Peer 1: 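I have a structure I would like to understand better, so I am pasting it below and will then ask my questions one at a time.
Computed from a predicted model, the values in this text were never measured in an experiment.
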Amino acid sequence: MYCPNTNLCCLVLFGFLVSHHLSTATYDKSTCSTCKNIVNNFLKGIEDTTRKNFGGGNTDWEERRLSKYEFSETRLVEIIESLCQNSEFECNLMVETNEEYIENWWFNMQKKNPNLFLWFCVDTIKVCCPAGSYGPDCIGCPGGADRPCNEHGSCDGDGTRTGDGSCSCTKEYEGAECLDCTEGYYSEFQNETHSICTACHPGCKTCIGPSNSHCTICASGWVEEDSDTVPDGVVCLDVDECAENSPCEQHQYCSNTEGSYLCKVCNDVCDSCTSEGADKCINCTTGYTMEEATCVDINECSLTVMVCTQENEACINTEGSYKCVCAEGYEDRDGLCVEGKVPEDVEHSEGRQTMEDETATDVNPHEDL
C-alpha cells in the first residue's frame with residue numbers, strides 16, 4: 001500500500017492492529033489482571049502527584065495553584081505516563097485503546113464513581129467481574145457472590161470474565177458447593193448454606209463423630225471391635241505390630257505408633273534389643289558381654305588366653321575390640337616385630353658424649369692453690 005504521509009500510515013496501521021486485536025481477543029485472566037494493574041498504578045499515580053511541586057511558602061497561593069493542578073490535564077498526563085512499562089504490550093494497548101474512558105472518568109465521573117476498578121474494569125470495558133462472580137455475564141459463584149463455594153474453596157474464574165464457576169474445595173470438603181465432608185471428616189454442623197467438617201479420630205477411615213468409638217470403617221493399622229455405646233459405629237483399636245514377631249531387621253527394635261510402627265536402630269553394643277540404650281540389649285554384639293543386664297566392653301588384653309601371640313607384640317584394648325602392636329623398642333617390618341635400629345644422628349651424638357666424658361675424666365680437676 002502506497003502512502004505519501006508516513007505518520008498517517010502508521011496511525012492507520014496502529015488503528016487496524018488495535019481493532020483487529022479487540023475483534024479477535026478472548027477473555028482470559030491476564031486481561032483482568034492487566035486492568036487491575038492499570039487501576040492500581042493510576043491510584044498510585046494520584047498519590048505520587050498529590051501536592052506535587054508544592055510545599056512551603058505562600059499557602060494561599062499554593063492552594064490556588066493546587067486546585068488548578070488537582071484535576072488538570074497536566075496531572076492526568078503525568079499519571080498516564082506511569083501506568084505501563086514500555087515492554088508491557090497488553091498494558092500499553094489497553095491504555096491506548098481506552099484512554100478516552102480514562103479521561104472521562106478523570107474529568108467527569110470520579111466524584112460520582114470513586115471506585116475506578118468497578119467503573120473502568122467491570123462496568124465500562126467489561127474485562128473483570130465483581131468478586132464472587134465469573135464468566136462473560138458475571139454470574140455468581142456457587143454458594144453466592146458473598147460466600148463463593150461457601151468459603152470452603154475457590155471458584156474457577158472468580159472476579160474475571162473467564163472460568164466455569166466450578167469449585168475447587170479444600171481437603172475437608174467436596175461437592176458442587178463444598179458443603180459435603182470428604183473421607184476422614186465428619187459433619188459437625190450443616191444446613192443449606194453452612195457446614196463444618198471436622199477430622200475423624202486417627203483410627204477411623206470414615207466416621208460419624210470425633211472419637212475412635214464413632215468409626216464406621218477403621219483406618220489401616222487399626223482393628224474393629226463392636227461398640228455398645230454407639231449403635232451405628234464401631235470401636236477401632238490400634239494394632240500393636242511390635243507385640244509378637246518384630247517386623248524390624250537385626251540391630252533394630254520395633255516402636256509401636258498409632259496405626260503403624262517404627263524401626264529404630266539399637267545401641268552399638270547390642271546385637272538385638274527391646275529399646276534404646278545399652279541396658280536394653282537382648283544379646284550383646286561381638287566385643288561386649290552382658291553384666292547386670294547391661295552390655296559392657298570385654299578387655300581382650302586381660303584374658304587368660306593371649307590374643308596377641310607373635311613375638312614382641314603388645315595388646316591394646318579398644319571399645320568393643322583390641323589391637324596388637326609392636327612392643328616398645330620394636331618396629332613392624334613385613335609383619336614381624338624386630339628390634340628397632342638406633343638412628344645414626346643419635347649414635348653419633350652418643351659417641352661424642354662418650355668421648356667428652358672420657359676426656360673430662362682424664363683431666364685433673366682444678367684445685368685451689
Peer 1: With a 2.5 Å cut-off on the SG atoms, do Cys167 and Cys141 make it?
Peer 2: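 Cysteines Cys167 and Cys141 do not qualify as a disulfide pair, their SG atoms being 2.5 Å or more apart.
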
Peer 1: Give, for atom CD of Gln252 and atom OG of Ser246, the distance between the pair rounded to the nearest 0.5 Å.
Peer 2: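 Answer for the CD-OG pair, Gln252 versus Ser246, is 8.0 Å.
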
Peer 1: With rounding to the nearest 0.5 Å, note down the distance linking NE2 in His214 to SG in Cys236.
Peer 2: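 Answer for the NE2-SG pair, His214 versus Cys236, is 12.0 Å.
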
Peer 1: Would Tyr185 end up clustered with Ile208 when hydrophobic side chains under 4.5 Å apart are linked, directly or stepwise?
Peer 2: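 They do not share one cluster, since no chain of ILVMFWY contacts under 4.5 Å joins Tyr185 to Ile208.
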
Peer 1: Using modelled atom types only, decide if a donor and an acceptor are shared between the side chain of Thr97 and the backbone of Leu93 within a distance under 3.5 Å.
Peer 2: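 Yes: the side chain of Thr97 pairs with the backbone of Leu93.
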
Peer 1: Using the rule that two of Ile, Leu, Val, Met, Phe, Trp, Tyr join whenever any of their side-chain heavy atoms come within less than 4.5 Å, decide whether Val95 and Leu43 are in one cluster.
Peer 2: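 Yes, Val95 connects to Leu43 through the hydrophobic network.
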
Peer 1: Can you list the steps and then say if Val307 with Tyr322 is a side chain to side chain contact (heavy atoms under 4.5 Å, CB included)?
Peer 2: CA-CA 9 Å; Val307 292; Tyr322 66 94; 3.7 Å; yes

Peer 1: Go through it in stages, so that I can follow the logic: the residues are Cys32 and Cys128, the test is disulfide (SG to SG under 2.5 Å), and I'd like the CA-CA distance, side-chain angles, deciding distance and then a yes or no.
Peer 2: CA-CA 5 Å; Cys32 182; Cys128 295; 2.0 Å; yes

Peer 1: Under 30°, 30 to 60°, or over 60°: which ring-plane class applies to His152 and Tyr173, parallel, tilted or perpendicular?
Peer 2: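 If you compare the ring of His152 with that of Tyr173, the planes turn out parallel.
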
Peer 1: Would Tyr288 and Glu319 satisfy side-chain hydrogen bond (donor to acceptor under 3.5 Å, both in side chains), going step by step from the backbone distance to the final call?
Peer 2: CA-CA 9 Å; Tyr288 293 86; Glu319 188 70 24; 3.2 Å; yes

Peer 1: Check the angle between the aromatic planes of Trp119 and Trp105 and answer parallel, tilted or perpendicular using the 30° and 60° thresholds.
Peer 2: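 Tilted, since the angle between the ring planes falls between 30° and 60°.
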
Peer 1: Would you say Trp106's side chain and Ser72's backbone share a donor-acceptor pair under 3.5 angstrom?
Peer 2: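 It does hold such a pair.
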
Peer 1: Under the 3.5 angstrom rule, does the side chain of Ser187 hit a backbone N or O of Cys197 as a donor-acceptor pair?
Peer 2: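 Answer holds: no.
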
Peer 1: Give the C-alpha distance, both sets of side-chain angles, the deciding distance and a yes or no for side-chain hydrogen bond (donor to acceptor under 3.5 Å, both in side chains) between Asn86 and Asn92.
Peer 2: CA-CA 8 Å; Asn86 292 335; Asn92 284 289; 5.6 Å; no

Peer 1: How about Cys301 and Cys315, are their SG atoms within less than 2.5 Å of each other?
Peer 2: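 Taking the criterion (SG atoms under 2.5 Å apart), Cys315 and Cys301 satisfy it, so yes.
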
Peer 1: How far does OG of Ser166 sit from CG of Asp156, to the nearest 0.5 angstrom?
Peer 2: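 It comes to 4.5 Å.
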
Peer 1: Which heavy atom of Ala278 sits nearest to which heavy atom of Asn267, and what is that distance?
Peer 2: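 The answer is N-ND2, 3.8 Å.
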
Peer 1: Side chains of Glu90 and Thr31, heavy atoms from C-beta outward: is any pair under 4.5 Å?
Peer 2: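 No. Closest side-chain heavy atoms not under 4.5 Å.
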
Peer 1: Show your reasoning for whether side chain to side chain contact (heavy atoms under 4.5 Å, CB included) applies to Arg75 and Ile79.
Peer 2: CA-CA 6 Å; Arg75 188 182 185 189; Ile79 294 172; 4.1 Å; yes

Peer 1: Could you verify whether a donor N or O on one side chain and an acceptor N or O on the other, from Glu188 and Thr198, lie under 3.5 Å apart?
Peer 2: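 Checked: Glu188/Thr198 side chains pair up, N/O donor to acceptor below 3.5 Å.
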
Peer 1: Decide whether Gln250 and Asp271 meet the rule of one side-chain donor and one side-chain acceptor closer than 3.5 Å.
Peer 2: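 Yes - a donor-acceptor pair under 3.5 Å links their side chains.
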
Peer 1: Taking atom types as modelled and ignoring hydrogens, do the side chains of Asn317 and Asp297 form a donor-acceptor contact shorter than 3.5 angstrom?
Peer 2: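 There is such a pair between these side chains.
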
Peer 1: Got a second to check how far Gln85's CD is from Asn41's CG, nearest 0.5 Å?
Peer 2: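 Between Gln85 CD and Asn41 CG, I get 8.5 Å after rounding to 0.5 Å.
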
Peer 1: Under a 3.5 Å distance rule, please check whether Asn150 uses its side chain to pair with a backbone N or O of Glu177 as donor and acceptor.
Peer 2: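 Such a contact is found between Asn150 side chain and Glu177 backbone.
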
Peer 1: So, taking the atom named SG in Cys181 and the one named CD in Glu172, what distance separates them when rounded to the nearest 0.5 Å?
Peer 2: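 Rounded to the nearest 0.5 Å, the SG-CD separation comes to 9.0 Å.
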
Peer 1: Under a 3.5 Å cutoff, is there a donor and acceptor pairing between the side chains of Tyr69 and Glu78?
Peer 2: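 Their side chains do contain a donor-acceptor pair, which is all the 3.5 Å distance test asks for.
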
Peer 1: Determine whether Phe117 and Phe42 satisfy the following criterion, side chain to side chain contact (heavy atoms under 4.5 Å, CB included), listing intermediate values before the conclusion.
Peer 2: CA-CA 10 Å; Phe117 169 73; Phe42 197 98; over 6 Å; no

Peer 1: Under 2.5 Å between the SG atoms: is that true for Cys207 and Cys215?
Peer 2: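 No, no disulfide: SG-SG not under 2.5 Å.
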
Peer 1: Between Lys111 and Phe71, is NZ or CZ placed under 6.0 angstrom from the six-membered ring centre and within 45° of the ring axis?
Peer 2: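 Yes, a cation-pi geometry.
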
Peer 1: To the nearest 0.5 Å, what is the distance between CD1 (Ile196) and CG (Asn191)?
Peer 2: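 Atom-to-atom, Ile196:CD1 and Asn191:CG are 9.5 Å apart.
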
Peer 1: Check Cys281 against Cys295 for me: are their SG atoms closer than 2.5 Å?
Peer 2: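 In this structure, Cys295 and Cys281 share no disulfide.
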
Peer 1: Is it true that Arg333 and Glu331 have a side-chain N and a carboxylate O under 4.0 angstrom from each other?
Peer 2: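 Looking at Glu331 together with Arg333, the answer is yes, because their closest N to O distance falls below 4.0 Å.
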
Peer 1: Test side chain to side chain contact (heavy atoms under 4.5 Å, CB included) on Val39 and Cys121 and set out the steps.
Peer 2: CA-CA 8 Å; Val39 169; Cys121 299; 3.6 Å; yes

Peer 1: Under the criterion disulfide (SG to SG under 2.5 Å), I'd like the reasoning laid out for Cys155 against Cys149: C-alpha separation, chi angles, the key distance, then a yes or no.
Peer 2: CA-CA 6 Å; Cys155 169; Cys149 302; 5.1 Å; no

Peer 1: Minimum heavy-atom separation for Cys242 and Asn256, please, with both atom names.
Peer 2: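 Nearest heavy atoms, Cys242 then Asn256: SG-N, 3.5 Å.
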
